Amino acid sequence: MTGSDIARSISEDVKDAAILIVDDNASNVDLLREILSHDGYRNVHGETDPRRVPDLCAATRYDLLLLDIRMPHMSGFELMERIKVIYAGDHVPVLVLTAQTDQETRRKSLELGANDFLTKPFIAWELLHRVRNMLEIRTLYRRVAQQNRELEARVAARTAELSAALAAARQADHAKLDFLSVMSHELRTPLNSIIGFAEVMGSESLGKLGHPDYLEYVKLIEESGTVLLTMVNKILDYTRGATGSIELQESDVRLPYLLETCLNLAGPRAQPKNVVLTLVPCTPLTLRADHRRLREMLLNLLDNAIKFNRPGGRVTVRAERRPDGVVIAVADDGPGIAPDLAERIFNPFTQAEKARIRQHEGIGLGLPIVRRFAELHGGRVDLTSEPGKGTTVTILLPPERVLTPSATPSP
């Protein structure tokens with residue numbers, strides 16, 4: 001729609017506007033109606049009894065009110081007060097027509113909602129100009145209000161659609177987690193059997209296997225079963241954490257001892273790549289935490305730091321107490337993570353690789369599990385990385401997890 005089309009549309013709306021003239025003098029009402037009708041206004045009404053006006057306004061949404069001030073039974077002031085309540089939240093302009101020119105009348109009229117004044121006796125062209133200006137503003141106001149209502153309706157409809165889609169996505173995600181949980185639970189039993197029988201065969205406790213290659217095959221079966229069982233356990237831990245079905249089994253944990261134990265467990269993983277593991281000495285700290293979950297968090301971080309590091313790289317672990325809690329940081333000097341990947345690295349089944357074909361084993365649940373377990377302890381996990389300079393993952397546990405020196409810790 002062009003500018004001229006909009007102007008014509010507004011002009012038509014102005015001429016169709018509902019106008020109410022309120023004056024106890026019938027001659028004044030007839031004169032005003034005649035002037036407005038002659039200028040093309042098609043919906044002009046008049047009333048000489050102000051007591052009937054509130055009911056008229058309640059029944060009809062007028063676009064402009066022309067009010068006299070000095071009227072019997074009900075003054076223009078009282079009438080404006082009532083109309084303000086009836087038209088609350090709407091912009092209905094009021095043009096005061098009065099022979100009173102004192103400042104007090106003007107002040108009170110403005111306070112009660114009048115938009116303009118016209119002094120009796122008035123000039124016709126001045127009346128028409130003021131009426132048109134006020135009705136144009138009223139028309140624009142009504143159009144904006146209508147557009148707002150339509151926009152709100154569209155936003156509400158779109159919000160309802162998005163809410164339904166979100167609910168469906170959550171339901172699908174919950175179903176996926178249930179499936180993973182059931183599948184992982186069902187896989188553990190046969191895997192434990194495979195690993196157990198492989199251990200028995202590898203030890204030859206019931207007699208020799210025969211061909212020496214069989215021992216190597218049994219060892220491969222056991223190792224593969226152990227890797228697969230580790231993956232299944234990670235999936236099970238993730239699904240339990242995501243559905244809130246994990247309860248912490250808290251105990252007193254000596255942090256330096258736990259860090260040293262985790263580094264010793266990670267040592268065999270680091271040896272093939274000649275990655276050097278370093279533990280920065282820390283002051284004795286005892287935490288109130290779930291020992292198994294905290295151990296798993298640290299092993300996951302060490303596993304990632306070794307797995308994605310360069311041959312001959314370094315992994316450094318440090319812990320310290322700060323005013324905002326206890327910090328445990330695992331840093332490597334590997335290739336680092338690109339910024340676009342760092343934003344989604346905590347998403348499940350995501351690895352710090354851009355290639356479609358993964359170069360490293362694993363299912364991408366290590367960091368999501370670390371974050372979930374940290375949150376269960378009331379903490380958080382932060383990641384800082386720079387391509388070519390390495391990655392640092394920091395676990396921050398709240399200060400209430402630190403026990404007083406008088407506590408008696410257990411390993």
Side-chain angles (χ1 to χ4, degrees), residues 226-227 230-231 233-235 237-238 241 253 255-282 285 287 289 291-320 326-355 358-375 377 379-397:
T226 302
V227 170
T230 300
M231 291 184 182
N233 285 334
K234 283 189 175 182
I235 294 175
D237 280 337
Y238 172 73
V253 180
L255 186 56
Y257 178 84
L258 178 61
L259 295 177
E260 185 177 351
T261 300
C262 290
L263 258 71
N264 291 334
L265 291 172
R269 293 273 294 169
Q271 288 176 1
K273 297 179 67 174
N274 294 319
V275 174
V276 179
L277 303 181
T278 302
L279 175 60
V280 177
C282 65
L285 282 174
L287 305 179
H291 184 277
R292 187 171 77 86
R293 305 299 180 190
L294 188 56
R295 175 176 173 270
E296 188 171 348
M297 291 162 66
L298 294 170
L299 289 176
N300 276 327
L301 294 184
L302 286 168
D303 182 66
N304 280 348
I306 296 168
K307 182 195 307 181
F308 296 102
N309 208 335
R310 57 184 174 81
R314 300 186 67 87
V315 175
T316 304
V317 180
R318 63 178 178 83
E320 61 178 338
V326 175
V327 168
I328 305 171
V330 177
D332 66 67
D333 58 355
I337 303 173
D340 58 327
L341 286 175
E343 294 178 0
R344 54 187 179 88
I345 197 67
F346 286 97
N347 294 338
F349 309 110
T350 300
Q351 284 193 352
E353 296 175 329
K354 287 189 174 181
R358 291 186 174 183
Q359 301 176 4
H360 301 91
E361 64 182 27
I363 53 177
L365 286 178
L367 286 177
I369 290 174
V370 172
R371 169 174 279 181
R372 183 56 184 154
F373 287 174
E375 291 172 348
H377 283 83
R380 70 172 192 269
V381 178
D382 297 326
L383 182 145
T384 57
S385 184
E386 187 175 348
K389 294 187 177 181
T391 301
T392 300
V393 182
T394 304
I395 301 171
L396 177 63
L397 299 179

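Note that the structure is predicted; figures quoted are calculated from it, not measured.
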Inset, instruction - Could you tell me whether a side-chain N or O of K273 sits under 3.5 Å from a main-chain N or O of I306, the two making a donor and an acceptor? - result: yes
Inset, instruction - I would like to know whether L265 and R295 meet side-chain contact (heavy atoms from CB on, under 4.5 Å); could you show each step before the answer? - result: CA-CA 10 Å; L265 291 172; R295 175 176 173 270; 3.2 Å; yes
Inset, instruction - State plainly whether the residues D332 and R314 are in salt-bridge range, i.e. N to O under 4.0 Å. - result: no
Inset, instruction - With rounding to the nearest 0.5 Å, note down the distance linking CG in L285 to CD in E320. - result: 10.0 Å
Legend entry - side-chain contact (heavy atoms from CB on, under 4.5 Å) between R318 and I328, intermediate numbers included: CA-CA 6 Å; R318 63 178 178 83; I328 305 171; over 6 Å; no
Inset, instruction - Spell out, as yes or no, whether a donor-acceptor pair under 3.5 Å connects the side chain of D303 to the backbone of L299. - result: no
Inset, instruction - Measure the spacing between CG of L277 and SG of C262 and express it to the nearest 0.5 Å. - result: 11.5 Å
Legend entry - Straight-line distance of F373 CZ to M297 CE, nearest 0.5 Å: 8.5 Å
Legend entry - Taking every non-hydrogen atom, the tightest pair across C282 and A319: CB-O, 3.2 Å
Inset, instruction - Please step through side-chain contact (heavy atoms from CB on, under 4.5 Å) for the pair T391 and T384, ending with a clear verdict. - result: CA-CA 6 Å; T391 301; T384 57; over 6 Å; no
Legend entry - Rounded distance [0.5 Å steps], CG in L298 versus CZ in R293: 14.0 Å
Legend entry - Minimum side-chain heavy-atom gap R371-R380 below 4.5 Å: no
Inset, instruction - Report the distance from atom CG of D333 to atom NZ of K389, rounding to the nearest 0.5 Å. - result: 12.5 Å
Legend entry - Test side-chain contact (heavy atoms from CB on, under 4.5 Å) applied to V393 and L367, step by step: CA-CA 9 Å; V393 182; L367 286 177; 4.3 Å; yes
Legend entry - Given L301, V326, V330, D382, the one that forms side chain to side chain contact (heavy atoms under 4.5 Å, CB included) with I395: L301
Legend entry - From T394, V370, I337, residue fulfilling side chain to side chain contact (heavy atoms under 4.5 Å, CB included) relative to L383: I337
Inset, instruction - Sorted by first residue and then second, give each salt bridge (charged side-chain N to carboxylate O under 4.0 Å, His left out) pair with at least one member in residues 258-268; sequence neighbours left out. - result: none
Inset, instruction - Could you tell me the separation between the CG atom of L294 and the NE2 atom of H377, rounded to the nearest 0.5 Å? - result: 6.0 Å
Legend entry - Main-chain N/O of G390 paired to S385 side chain as donor or acceptor, under 3.5 Å: yes
